[in-house]
Structure formats: C-alpha cells, structure tokens
Amino acid sequence: MNPFKSDFLRVLDERGFIHQVSDPEGLDAACVKGPVTAYVGYDATATSLHIGNLISATMLHWFQETGHRPIALMGGGTSMIGDPSFRDEQRGLLTPDAIATNIEGIKRIFGRILRFGDKPGDAVMVNNADWLMDLNYVGFLRDVGRHFSVNRMLAFDSVKLRLDREQSLSFLEFNYMILQAYDFVELNKRLGCTLQMGGSDQWGNIVSGIDLGHRMGSPQLYALTTPLLTTSSGAKMGKSANGAVWLNGDLFSPYEFWQYWRNTEDADIGRFLKIFTRLPLGEIARLAALGGSEVNEAKKILATEATAIVHGREAAEAAAETARKTFEDGGLATDLPSIALPRAELAARLGALTAFVKAGLVPSTGEARRQVKAGGLRINDVAVTDERASLSEADLTSEGVIKLSFGRKKHVLLRLE
RNA sequence: GGGGGAAUGUCCCGAGCGGCAAAGGGGGCGGACUGUAAAUCCGCUGGCUAUGCCUUCGCAGGUUCGAGUCCUGCUUCCCCCA
C-alpha cells in the first residue's frame, strides 16, 4: 500500500500522520481523481482545543493544501451525549450553555489553520446540532437504529474498557456511536463528504459510520486515523504541569506553549517537526540529525514554528525572545508571564508562600512549604529557605517587579498595579 | 429470583488485627547531574489563619471512648446457581 499516488496521502504518510486507513487504494484513487471532501469532528468538551486535537486539525490543513475541501464539524449535538470511547467512567453532562461557550472558544483556532470561504476548496464549518437536535425518536430508531447490532457494538474496544471495568455504560452514552455514524452519512448527503478523519480512538466510531453508509445507500465512505502520540519515554502527549496543553492563549499562553515544545525529548524532534510544523521534510531531516547540544537549535525551531501556527508568527518570536533572555542571558525578561499585585498588599508584607500560590506556581501553601524544603522556590533567583519569609517593596528589582521561580523553568513576575 | 464477593488517599493500581492522614507501587512535582533533553540517584506527593485545627476510605445511618476496619439499609460492579 505504500507509495501513494495522491499528494494528500503521500504527505500524510511521509509526515507520520497515518495510523489506520480503510481501503487505502480506494481512498488514494479517489484523491487522485479529483477534490474530495473530508471532515473531523470536535466535541465541545472545553473552551479550547488542545494539542491532541491539533494533529487532526493539521491533517485538515494538508488536506486543503493538497487541493481538497475540509469540513470542521462542531459537535454541538453530540456534546449533549458525551463520547464514551476509551473512557473508564461517565463524565458529567455538559449544559447547553457550556456547549455554546465551548464551541465559541474552539472555533477561534480554525481561522489560523484552514482557509474558509465560499469558493471551491474553501473550508466549511458546520454544527451537528443542526440535524441532531430535532430528530424524531421513533423515526430515527426505525431508519437508523435498526442498522446497528448491539452485539457488535459491545465488542468494540472503545467500550470494552468501560465494560471490563466495573463502570456502567449508560444508554445515553451508548448512543454516541450511532449519532456519530449518522453524522458521517448526513455530511455525505449534505456536502458530499466521503472521508472522516480523527484520532485512533475514533476508529470504531468512524467505521460505524462507513457501515451505516453502506446500509443506507451512501457512496463508499473512508476512514483515516492518526496514531496516539506519546513521547519517546512513553508519556501521553499534551500534559503539562497545569494540565492540558491548550491552544487558546487565555488558557495556555504563547510563552508556555513555546516552552512546552522547547522541552521536547531529543528522540522526538523529527517526529514532532513533521507533525506540528510545516517545514519541508528535507529541512526536518537535517534538524533531526543534529547531535549533542546542537539539538537545542532544532528544539527552538520546533517551538517557534509550532507556536507560530497556533498563535501567529509575532507571538512566537516574542516567546522565543523571552526565553532567550531568561535562559541564555540569565537576565530578567520583563515580558515573562506576570500577575498584578496591589501595592497595598506588598506594603503589608506579603507572605512568600502565599505569593507563590497567588502566582499560580504552586497549588497550595502546603505544597509551597514542601517545595521550600526541597529547594524548589526562588525569589529574584535567590532560593527561599525560610517558610515565613515575606515580600516587601525592598524586593522590587530595578525594573519594578519581583521574579518568582518554581523549579528551573517556571517563572512568574509580580508586577505592581 | 437465589447465593457469594468487590468499592481505599477525587490521576491510576493496591495493602490495610477497632487507635490511620492510612503500607507499597506507577504517575506527577522538586533537587543533583546535564544541553531548558533522556537515563540515573535523592526528596516530596490531603487542606489551613499550623507545634494545633479541619476534611478523606461508594452513599446513609448505627454500635463504640474511638470505625477504612464491626452491624443495618441503599447504590454500582463482578462471579456462581435458576
């Protein structure tokens, strides 16, 4: 199946996006023949997408780049249910309000990744609430539900985890797969969509859509999934100290985002450059081959390029510059993340432990206390040794800020307001 | 329908004679070493207005000076019989 003839599959393959494809030859031929329409669905589980979603969104980018039409599907309807795939327990139900706000947050990122419009080849954004919310229950069961075998659904790996574990799988969640399958068929009808892409955890849901298409008379549909990315040492991608690595700047600043990539493990550089940047493969091969401490140059390029896609070139350069001042000059970069501090609080002597909690560097004063013992907290680069230390105006640097550091890499400035 | 078992530190797994903030892992975080890497070693891994106070062992009651541990009911799950 290897040398693909279509630009799209070749690019995806070369860059390491492909985990599974249904009928690779058929899809390849279809992509050669003319523009294809494909979609990826995003449920409104948070106000922002995260790094994991970026992979599939990037596939949509290359899809468009190679002459096809991508659809970004907002899961306004499916989010009312919640995907149980590979989850070991039920999540709380999202309220309609939350879903609406989440979708607003999620939409923002696509403007940077896809080109939308009305011309052929322009990307389209749709919301499955448009066709799911008004379904008639009995009618839907008769038209669509009859095509699903419960026996078969129970055999899917995606629900096995839940079944094997002692957690119940509610009927509500059990329907998720059916609705997603229906989405695929509906998008085929409405927009001629014949390919659904997603993370490897979506394979079962996607294939169900293909089956449903067969039974309901759709043309041949295709599935393509990406591997679940892990770091070389086995950790799941996308986790940072504060939780997920979000794409929206209000949840995860461009500087933090840049830092996330800067700290990539050596062994992952090539793989990540191919997926998270748009650099040409030749350039990537050169960077990935760097040895010793030279790999740091490659990591900086990875960080800047990946950040530029998500936050814009300017923000990426600024983040790189802030990092350079902080880590390479050992100086004080005044555009490090900062929080405002009322002058009155400082005048009243602010407890050092409290200050670190306020800055969001540690979650509790208890944790701050422990870190003092471990030598992990510094004020203006001087280690805190006394739990009862406090801050005063005397601690302000000549730039008028106080720099709090947690560990070697996390820094926050307190800035008088 | 009947019988037997399980639920533990809100990341996961998992010990726990009635005195328990609760063994041990994994993961995570910090320190040392480095290159803002990996590997390795060391430490930490409920909260607070902190030599004390408060909240944790599926949920709700009860016995007891004292309950994760015993009793009752409930919820969810697993196994066997029908």
Side-chain angles (χ1 to χ4, degrees), chain A residues 86-92 159-171 173 230-245 255-273 287-304 306-307 319-331 333 336-337 345 348-358 360-378 381-388 390 404-411:
Chain A
F86 297 99
R87 304 211 144 253
D88 55 11
E89 59 186 14
Q90 177 159 17
R91 283 174 293 181
V159 296
K160 255 203 165 117
L161 183 67
R162 181 77 72 83
L163 263 24
D164 289 350
R165 241 162 137 132
E166 303 152 3
Q167 293 290 329
S168 81
L169 175 69
S170 67
F171 183 67
E173 296 175 282
T230 56
T231 66
S232 291
S233 36
K236 275 187 194 163
M237 283 283 296
K239 290 287 174 196
S240 77
N242 299 323
V245 177
Y255 171 77
E256 290 176 289
F257 194 79
W258 193 93
Q259 280 297 324
Y260 177 80
W261 295 109
R262 174 64 244 265
N263 287 297
T264 296
E265 295 176 24
D266 290 7
D268 293 327
I269 295 175
R271 219 156 39 103
F272 290 179
L273 279 168
L287 292 169
L290 293 175
S293 59
E294 283 189 318
V295 297
N296 286 320
E297 291 313 309
K299 290 184 190 181
K300 287 180 210 165
I301 292 174
L302 168 64
T304 303
T307 307
E321 179 56 15
T322 301
R324 197 188 61 73
K325 278 190 207 151
T326 307
F327 289 96
E328 292 175 25
D329 291 355
L336 278 169
E345 269 188 62
R349 297 194 74 85
L350 176 63
L353 300 180
T354 316
F356 278 92
V357 175
K358 257 179 170 330
L361 287 166
V362 292
S364 67
T365 58
E367 176 64 14
R369 229 171 274 273
R370 277 177 227 120
Q371 290 302 341
V372 167
K373 289 198 192 82
L377 301 185
R378 278 167 296 136
D381 296 318
V382 179
V384 180
T385 51
D386 181 4
E387 294 181 356
R388 281 161 308 185
S390 62
L404 303 181
S405 308
F406 174 45
R408 284 281 150 237
K409 300 177 193 169
K410 279 159 283 196
H411 311 279

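Just so we're clear, the structure is a prediction, and the values are computed from it rather than from any experiment. First the proteins, then the strands, lettered A, B, ... as listed; each starts at 1.
Rounded to a whole Å, the CZ atom of A/Arg408 is 10 Å from the C1' atom of B/A32. Residue A/Asn263 contributes atom CG, which lies 8 Å from atom P of B/A38 at whole-angstrom precision. Put simply, CZ on A/Phe327 is 13 Å from C1' on B/A37, counting in whole angstrom units. Rounding to whole angstrom units, CG of residue A/Asp268 and P of B/A38 are separated by 10 Å. If you take CG of A/Leu302 and P of B/U36, they are 16 Å apart, rounded to a whole angstrom. Remark: C1' of B/A38 and CG of A/Asp266 are 6 Å apart, rounded to the nearest angstrom. For A/Glu294 and B/G35, the CD to C1' distance is 12 Å, given to the nearest whole Å. Between A/Asn296 atom CG and B/A38 atom P there is a gap of 12 Å when expressed in whole angstrom units.
Regarding contacts with the backbone of B/G30, a side-chain N or O of A/Lys410 is found under 4.0 angstrom from either OP1 or OP2. An OP1 or OP2 oxygen of B/C42 is reached within less than 4.0 angstrom by no side-chain nitrogen or oxygen of A/Lys373.
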- At under 4.0 Å between heavy atoms, which parts of nucleotides 51-58 of chain B does protein reach? Answer with one letter per nucleotide, 5' to 3': B base, S sugar-phosphate only, - none. --------

- Item | Annotated protein contacts, base or backbone, on nucleotides 44-50 of chain B with a non-hydrogen cut-off under 4.0 Å, one of B, S, - each | SS-SSSB

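Shown here are the side-chain hydrogen bond (donor to acceptor under 3.5 Å, both in side chains) partners of A/Glu367, two or more places apart in sequence or in another chain: A/Arg370, A/Gln371. For A/Lys409, the side-chain hydrogen bond (donor to acceptor under 3.5 Å, both in side chains) test picks out A/Asn263, with sequence neighbours left out. Listed by chain and number, the residues in a side-chain hydrogen bond (donor to acceptor under 3.5 Å, both in side chains) with A/Ser390 are A/Arg349 (sequence neighbours excluded). Partners of A/Glu294 according to the salt bridge (Lys or Arg N to Asp or Glu O under 4.0 Å) rule, which considers only residues two or more places apart in sequence or in another chain, do not exist here. For A/Ser405, the side-chain hydrogen bond (donor to acceptor under 3.5 Å, both in side chains) partners are A/His411, not counting sequence neighbours. Applying the side-chain contact (heavy atoms from CB on, under 4.5 Å) rule to A/Ala320 yields the partners A/Trp258, A/Thr304; only residues at least two apart in sequence or on another chain are considered. Taking the salt bridge (Lys or Arg N to Asp or Glu O under 4.0 Å) definition, one finds that A/Arg262 meets it with nothing, sequence neighbours left out.
Each of A/Lys409 and A/Arg378 has a nearest nucleotide on RNA chain B; the 5'-most of these lies closest to A/Arg378.
Each of B/A38, B/U36, B/C29 was ranked by its minimum atom distance to the side chain of A/Phe406; first place goes to B/C29. The A/Glu265 side chain lies nearest to B/A37 when the options are B/U36, B/A37, B/G35.
B/G58 and B/C12 are spaced 14 Å apart, taking the P atom of each and rounding to whole Å. On the P atoms, B/U72 is 34 Å away from B/G46, given to the nearest whole Å. The gap from the C1' atom of B/C78 to that of B/C41 amounts to 42 Å, rounded to the nearest Å. Taking atom P in both B/C54 and B/A67, one finds a spacing of 14 Å when rounded to whole Å. Taking the C1' atom of each, B/G14 and B/G68 are spaced 14 Å apart, rounded to whole Å. For the P atoms, the distance from B/G26 to B/C80 is 34 Å, rounded to whole Å. Spacing between B/C71 and B/U64 at atom P, rounded to whole Å, works out to 16 Å. Taking atom C1' in both B/C59 and B/C48, one finds a spacing of 27 Å when rounded to whole Å.
With a cut-off of 3.5 Å on both Watson-Crick or G-U wobble distances, the partner of B/G61 is given as B/C71. For B/U56, there is no paired nucleotide, since no Watson-Crick or G-U wobble pair has both relevant distances below 3.5 Å. Across the strands present, B/G1 finds its partner in B/C81; the criterion is a Watson-Crick or G-U wobble pair with both atom distances under 3.5 angstrom. Nucleotide B/A37: unpaired (no Watson-Crick or G-U wobble partner with both distances less than 3.5 Å). Under the Watson-Crick or G-U wobble criterion, with both distances below 3.5 Å, B/A6 is paired with B/U76. Under the Watson-Crick and G-U wobble criteria, each requiring two contacts below 3.5 Å, nucleotide B/G43 is paired to B/C29.
Distance alone, capped at 3.5 Å, places no donor-acceptor pair between the A/Lys410 side chain and the A/Leu361 backbone.
Other residues, nucleotides and ligands contribute at most 12 non-hydrogen atoms within 6.0 Å of the NZ atom of A/Lys358.
Taking each heavy atom of A/Phe257 and A/Ala306 in turn, the nearest pair found is CE2-O, 3.7 Å. Residues A/Gln259 and A/Phe327 come closest through the heavy atom pair NE2-CE1, 3.4 Å.
A donor and an acceptor atom never sit less than 3.5 Å apart when one is taken from the side chain of A/Glu328 and the other from the base of B/U36.
Among the heavy atoms of the strands lying under 4.0 Å from A/Thr264 are primed sugar atoms or P, OP1, OP2 only; no base atom is included. Within the nucleic acid shown, A/Val362 has no heavy atom closer than 4.0 Å to any nucleic acid atom.
The glycosidic torsion of B/C20 lies within 90° of 0, placing the base in the syn range.
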- Test side chain to side chain contact (heavy atoms under 4.5 Å, CB included) applied to A/Asp381 and A/Arg378, step by step: CA-CA 5 Å; A/Asp381 296 318; A/Arg378 278 167 296 136; 3.9 Å; yes

